[in-house]
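Everything on this sheet refers to the single structure shown next.
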Number of protein chains: 2
Amino acid sequence: MRVPSVAERVAEELRYQLAEGFLVPGAKLTEATIAEDLGVSRNTVREAFAELAAERLLLRQPNKGVFVATLEAGDIHDVYTVRRAIEVSSIRAGGSPERIAAVRAAVEEGQRAASANDNEGLGSANQHFHGAIVALAESNRLNTIMAQILAEMRLYFHKATMNAHFYSDWLKENEQICSALEAGELERAGDLLLAYLNRSEQQQTAIHGE
Amino acid sequence: MRVPSVAERVAEELRYQLAEGFLVPGAKLTEATIAEDLGVSRNTVREAFAELAAERLLLRQPNKGVFVATLEAGDIHDVYTVRRAIEVSSIRAGGSPERIAAVRAAVEEGQRAASANDNEGLGSANQHFHGAIVALAESNRLNTIMAQILAEMRLYFHKATMNAHFYSDWLKENEQICSALEAGELERAGDLLLAYLNRSEQQQTAIHGE
DNA sequence: ATCGCTGGATTGTTGAACAATCCAGCAGAT
DNA sequence: ATCTGCTGGATTGTTCAACAATCCAGCGAT
């Protein structure tokens, strides 16, 4: 019976509120307030803050407080640079049949969500897709790096910015990437994925950065 | 005048002791002991522990304590998987003349250390070399990921395991990689780097893993 | 030898306290 | 009116002491 520590539960609760958009980027988190709201001690909140700051979800400014992280213009390029590195490298190395099946499953999850007009489901399906690609490499470290990057993106590219317009593109594209992967055409799969990431970065930059 | 917080100084001190091999992998760190040794409170030590655990330098086992991280057989492959992803991707994208010059500088640093028979200097020159390659990408996130990976490797592949025999190989190889980079032959530079990483993984596995 | 208990040590968490720092707002000077 | 410098309140950084929860080595009974 795993009983996560209080600090872990606080961190988890904050992660949830961040992902859900309840805490907006730039907002200040006051230790005493959060401690009272969640019914824990201030020291415990501090430990949770340290954890989330290490994940780049919160930003700690010494003597001023912790704030919900914000992605500046440069960060968008930065995030995509990491994604290009680890996603393309992972897909180019292929993976076990089970891992490839997981990629396929994520593609179908997206198609189902599209049929159901489930916009939120589409978003998470896409994240599952890219997570599954990294999972091909069977590397714990790459998986956690990717999970953190995705959490960062959830934080900033929030539901509001995601419209059906975007999704229409990559639904078919994910399918092609997956097919290439299944067929063992790893170079082509990598090229397609790279092209997608480049285009996605451009789109996001056009919307947010300047 | 930046005055790092006490928790940061504790973390820094522990990082130093870890890198220096003063704390060996698997060793247990007792909160009260460290707090007393460094003259700080137990809560502050805990905050430092959280930071280092996030960097994978310490391992936290709930209700049991924190231990100096150990690299299992699988971790070696894992670490090299990350390095292949980010180093090869970085070098394939090239970089500004300044960044390339930094790579060249690391090569020369290694050559100087070799002439001086400075084994320790050779080790850090090599780390600077690979750090400079990742720095080509101008990505803060990639840089910190790489810095953490290198810190992990320092922790485990310690001085004891590094003999001059190893270094002889890559001194010349680093030179070739750097030359290819300078000449704009990015594909070749990437291939050379990839070959080096694969061989290095094999060597390390032969020594440590089983 | 195995099992179960027990007591001491360590971790997890709390609450309170205080120093250090920041910041908004205000008083006075130019 | 704008600037400067102060001040007081709020918040963070850090410590301390306490206690509950958990672990573990050792010991005794079977």
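Letters A, B, ... are given to chains in the order of the sequence lines, protein chains preceding strands, and every chain is numbered from 1.
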* Would you find more than 12 non-hydrogen atoms of other residues, nucleotides or ligands less than 6.0 Å from B:Q17 atom CD? -> yes
* Asked: Can you name the closest pair of heavy atoms from A:S139 and B:V82 and give their distance?
  -> OG-CG2, 4.1 Å
* Quick one: closest heavy-atom pair of B:V24 and B:V68, and the distance? => O-CB, 3.3 Å
* **Nucleic acid footprint by protein, nucleotides 5-16 of chain C - heavy-atom cut-off 4.0 Å, B for base, S for sugar-phosphate alone** => -----SBBBBB-
* Locate the shortest heavy-atom distance separating A:Q127 from A:L150; write the atom from each residue and the value. => O-CD1, 3.8 Å
* Residues A:R15 and A:E51 bridged, charged N to O under 4.0 Å -> yes
